[in-house]
Amino acid sequence: MQEKYSHADIEPRAQAIWRQNAADYAIDAPDRPKYYCLSMFPYPSGKLHMGHVRNYTIGDVLARFNRMLGKNVLQPMGWDAFGMPAENAALANQVAPAAWTYQNIGYMKKQLQSLGFSIDWTREFATCAPEYYRWEQWLFTRLFAKGLIYKKLGTVNWDPVDETVLANEQVIDGRGWRSGAVVEKREIPMYYMKITAYAEELLQGLEELPGWPEQVRLMQKNWIGKSVGVRLAFPYELDGRKDLLWAFTTRADTLMGVTFVAVAAEHPLALHAAKNNPAIAAFIEECRQGGFAEADLATVEKKGMPTGLCVQHPITNEPVPLWVGNYVLMGYGEGAVMAVPAHDERDFAFAKKYGLPIRQVITAANETFSLDEWQDWYADKSRAVCINSGKYDGLNYEAAVEEIAADLQKLSLGGKKTQFRLRDWGISRQRYWGCPIPIIHCAQCGDVPVPDEQLPVLLPEQVEITGAGSPLARMPEFYETICPKCGQSARRETDTLDTFVESSWYFLRYACPDKQDAMLDERVNYWCRDGVDQYIGGIEHAILHLLYARFFSKLIRDVGLPGIKIPDEPFRNLLTQGMVVAPAFFRKTPDGKKIWFNPAELTLATDERGRLIAATLKADGQPVEVGGMEKMSKSHNNGVDPQALIEQYGADTARLFMMFAAPPLQSLEWSDTGVEGAYRFLRRLWRIVYAHVSQGIVAANVAADLPAPLKDLRRKLHQTITKVNDDYDRRQQFNTAVAAVMELLNAYEKTVLDTAEGRALAQETLESVTLMLFPIVPHITQILYAELKPGADAASASFPRVDEAALAQESIELVLQINGKLRGNFQVAADAEREAIKAAALASEAARKALGDKAVKKIVVVPKRLVNIVV
RNA sequence: GCCCGGAUGAUGAAACUGGUAGACAUACCGGACUUAAAAUCCGGAGCCGCAAGGCAUACGGGUUCGACUCCCGUUCCGGGCACCA
């Protein structure tokens, strides 16, 4: 055995052994218990970042641990390969998106392999491959036929200078990122997936996901946002024609307090009012300025303008003025809201700003209503009682809603309605690097899905990317086609699909990535039975990706693939890892844009406590501003490349550091210190095993009756095995598993083990330690385990077993508290009864000293923990 | 703005079901080994205090024999907000 630990030497050796034994290969063996361990696949942006290393190390720890429990493990990997960055790279560096993407995949795959992840690479695929996306197109045509995909107008960000649609990310402070032009909202026809048809099932399904974090289920629940309210109509007359303006409210009990109704700027009534009124037209134009992201809309100053039109109150028939409001969204509900200034905080502020009437229609016990200042009880339905509401006076919230809904029903002007906040999913993108939408537009036949035999609709790889408009829309050779129905010339759809579509079903395809003539085959029935066993990914995906993937499971199930059972819920257990965050550095340009600098380009200055205080750019020696901690990302340019870390210290150190620095759920602040410590621990582990092996290995048969110090060490060993097993399995908290092994090694080194029984215990301890650490640092432990047990293979070994007999203990130490404050310890037999513990506590040295002659009022005994004496 | 989290020594953190706050590390300080350095080993340390003891888990209240943990309120930081992935 080599005396010194050399990662450069042992890591390739360990990886060669795994390759030779096909240790990472998942076998399609329906008779064996399976463990499908899936980490969210990466976007091939160029290089791995720290978040990937963290994510895939967690996945690998769980995969390797479960192999040690005897399960047939599938840990696949692929590439979420469509997306905007490839087009941006094309624009910046004149490289084709496809070439750029495949080059990145090649590099990142090497990085992943160098980290020693036990990935079954035979199942690898990239979503930009036609063999993958053709089945997405095939599914699209089926969903289109079922009406689960349909076309309607949707709002996008329009850059009037570059004449192109921008993603929300490309809109900075309301302006286009490249042109700097003020962005406008524009309505264009798009395809939508009817996720709202599954709203109820998506909501109910959350109840059946005990393996998901409560936090994520709650976020999804609120996102779906089921609310029971009242849909109601305000009659109006326009140009002699009678019509109804519909709105939705969860506060029908305040209907008698409506003093105006507001519609969105895009609402037909607003547009009508603008025809003869230049001021309204100008206001609507103003509302079009800026992007459509909800965060922007919600923080914009609330503005409005009267249309000059009135609608009729459905109950009283009184005229109610109609306003246009920039805070009313066409895409939500009906695009119109009833405003009750007295009982809605936003309406209150709006009414005060524009001098609109405020009419109180509910009250709460002993509270005084004042027009001057908003108070929380105004909107508190739990205490509300109707007043000034005619026949509804005296009713509480529930009763008033029921009564008013019933009256509206009689008038055919509304009734109770269940509403969801969830909106249908717009899947059209006016971009090149995505999956082509398989539709042909025919003047005669309308939107015709591409027939199966013409699939896939191939995305051309030779394109010119200009940053203005969609490249496909400039390629007649792509869009000129004939209608499959009537044979007339027709135009192919040039939009591509949202890249979230690819990531909504990839986990199913890993079961059968080589399937040529169908989307999936029966291997799904084995690997995806009851869903993926463990899914691991960043908390930032808590809503969108995870909701879409759940939706797709149900969609594909309902489309129905013969002989294949798709689970209702795709991911049985979910681990949402925290983000890797790091400080971000920037300079502001004169026009207020922030330019972000990578830490690698900077010289950092810290104070005497090691805290970051300033940074200068190496290139020009001038200072840059130190921003806050941000998620490591391209947009903040604050990513740290793990490659240098891997090269200098090796994969095991990188893995150990990541697992030890913080628990998986928590965000991890990146720092270089600590890496050195992880490396030091591995060197120490190697040294300890070397010291033992160089004296000659022995059998790990430990005698039943050991001297006390050895008995203590052996108890510690088996306590550690219990704890580490629990940390891997139930708690999924790897930092404490590592800490427990470190503690064990500290105890090991303090114990004299030079007798025969000591050597056997040393052997047992070191074998167990290497196996316990194997999931986290597999390379070093693969090699060390074979040194301890020649011919043995850690990768196919079982996790160490706990010897219950070793855990037994005769006497234990309890804590003595007086009035809840720590006053000392005392010994008591492990199986002592309550009364005996009490007596021992009172008789203890610590109690006599602390109590003196004070009278004992009460004694609280917590077996195995403490005694609290109250005086 | 709305929804969801988080805050514990100089630093990363631990305390799992309300029961010894700070395990395990990092950085630091002191010592040993060395011609010297690195590596390694030993020891120290939350804060105040000579000590007894007191004070400490973002802040302010509450419940309890006992609160980092539960409840109410506040501040700050992070994630998501439907076209970043």
Side-chain angles (χ1 to χ4, degrees), chain A residues 40 42-43 45 80 83-85 154 156-157 165-171 213-216 218-219 221-223 225 291-300 302 327 331 346 421-431 498-500 503 538-545 547-548 578-579 581 608-611 628-631 633-635 660-663 665-669 671 673-678 680-681 683-684 687 723 726-727 730-731 733 735-736 738-743 746 749 813-817 819-825 857-860 862 865-866 868-870:
Chain A
M40 289 181 185
Y43 176 77
S45 55
D80 188 13
M84 257 191 342
V156 295
N157 303 306
V165 175
L166 298 179
N168 283 337
E169 193 197 43
Q170 298 169 314
V171 178
E214 182 59 38
Q215 176 200 155
V216 175
L218 192 56
M219 278 193 266
K221 184 184 170 198
N222 291 338
W223 185 262
F292 79 99
E294 187 182 310
D296 299 335
L297 295 172
T299 48
V300 85
K302 310 285 176 287
Y327 62 94
R346 193 178 56 186
R421 203 187 78 98
L422 183 69
R423 311 196 302 261
D424 277 341
W425 173 15
I427 50 172
S428 294
R429 296 290 179 272
Q430 298 69 45
R431 270 189 266 286
D498 180 1
T499 59
F500 269 123
S503 55
I539 183 68
E540 68 272 26
H541 297 290
I543 295 176
L544 292 180
H545 161 63
L547 188 66
Y548 293 148
M579 273 156 305
V581 298
E608 73 282 357
R609 285 175 163 172
R611 282 186 289 234
M629 283 289 182
E630 312 266 5
K631 163 186 161 187
S633 70
K634 225 169 183 160
S635 54
F660 186 58
L665 269 56
Q666 205 162 304
S667 65
L668 188 155
E669 274 178 39
S671 83
T673 59
V675 174
E676 193 64 54
R680 195 177 306 158
F681 174 75
R683 275 199 315 240
R684 180 171 169 229
R687 217 169 37 240
K723 164 141 187 75
D726 188 46
D727 279 350
R730 177 184 64 91
R731 299 220 303 151
Q733 185 151 315
N735 55 331
T736 49
V738 174
V741 175
M742 285 174 170
E743 263 187 85
N746 289 345
E749 288 212 289
E813 188 171 75
L814 295 193
V815 163
L816 178 79
Q817 294 184 340
N819 289 340
K821 298 215 161 161
L822 175 68
R823 280 297 177 271
N825 304 295
K857 267 196 203 156
K858 184 176 173 185
I859 300 179
V860 181
V862 184
R865 290 219 180 253
L866 57 72
N868 186 16
I869 303 174
V870 185

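First the proteins, then the strands, lettered A, B, ... as listed; each starts at 1.
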message: Syn or anti for G9(B), given that syn means the glycosidic angle lies within 90° of 0?
response: syn
Heavy atoms from C-beta onward define the side chain here; which of [options] lies closest to that of [X]?
X       : options                : result
T499(A) : A39(B), G1(B), A85(B)  : A85(B)
V815(A) : A13(B), U40(B), U20(B) : U20(B)
L544(A) : U20(B), C83(B), A85(B) : A85(B)
A293(A) : A13(B), G19(B), A82(B) : A82(B)
Q733(A) : A14(B), C81(B), A85(B) : A14(B)
E294(A) : G1(B), C83(B), C65(B)  : G1(B)
M84(A)  : C84(B), U40(B), A82(B) : C84(B)
N168(A) : A13(B), C65(B), C83(B) : C83(B)
A167(A) : A14(B), C16(B), C84(B) : C84(B)
A662(A) : C81(B), A85(B), A13(B) : A13(B)

Rounded at 0.5 Å granularity, tell me how far [atom1] in [X] sits from [atom2] in [Y].
X       : Y       : atom1 : atom2 : answer
R823(A) : L816(A) : CZ    : CG    : 9.0 Å
L668(A) : M579(A) : CG    : CE    : 11.0 Å
K858(A) : N819(A) : NZ    : CG    : 11.5 Å

message: Within the 4.0 Å limit for protein heavy atoms, which parts of nucleotides 3-8 of chain B are touched? Write it as a string from 5' to 3', B for base, S for sugar-phosphate only, - for none.
response: SSS---
Reading 5' to 3' through nucleotides 24-29 of chain B, protein heavy-atom contacts under 4.0 Å coded B for base, S for sugar-phosphate only, - for none: BSSS--
[X] near the nucleic acid: base, sugar-phosphate alone, or nothing, with a heavy-atom cut-off under 4.0 Å?
X       : answer
H541(A) : base
R823(A) : sugar-phosphate
T736(A) : sugar-phosphate
V870(A) : sugar-phosphate
R423(A) : base
M579(A) : sugar-phosphate
S503(A) : nothing

message: Under 3.5 Å, is there any donor-acceptor pair linking the side chain of Q430(A) to the base of C83(B)?
response: yes
Atom CZ of R421(A): over 12 foreign heavy atoms under 6.0 Å: yes
- request: Using the C1' atoms only, state how far C59(B) lies from C76(B), rounded to an integer number of Å.
  value: 10 Å
message: Could you tell me how far G22(B) sits from G9(B) if I compare only their P atoms? Round to whole Å.
response: 14 Å
field: Contiguous pairing runs of three or more, Watson-Crick or G-U under 3.5 Å, that involve RNA chain B
entry: B:1-7 with B:75-81, B:10-12 with B:24-26, B:28-32 with B:40-44, B:46-48 with B:53-55, B:58-62 with B:70-74
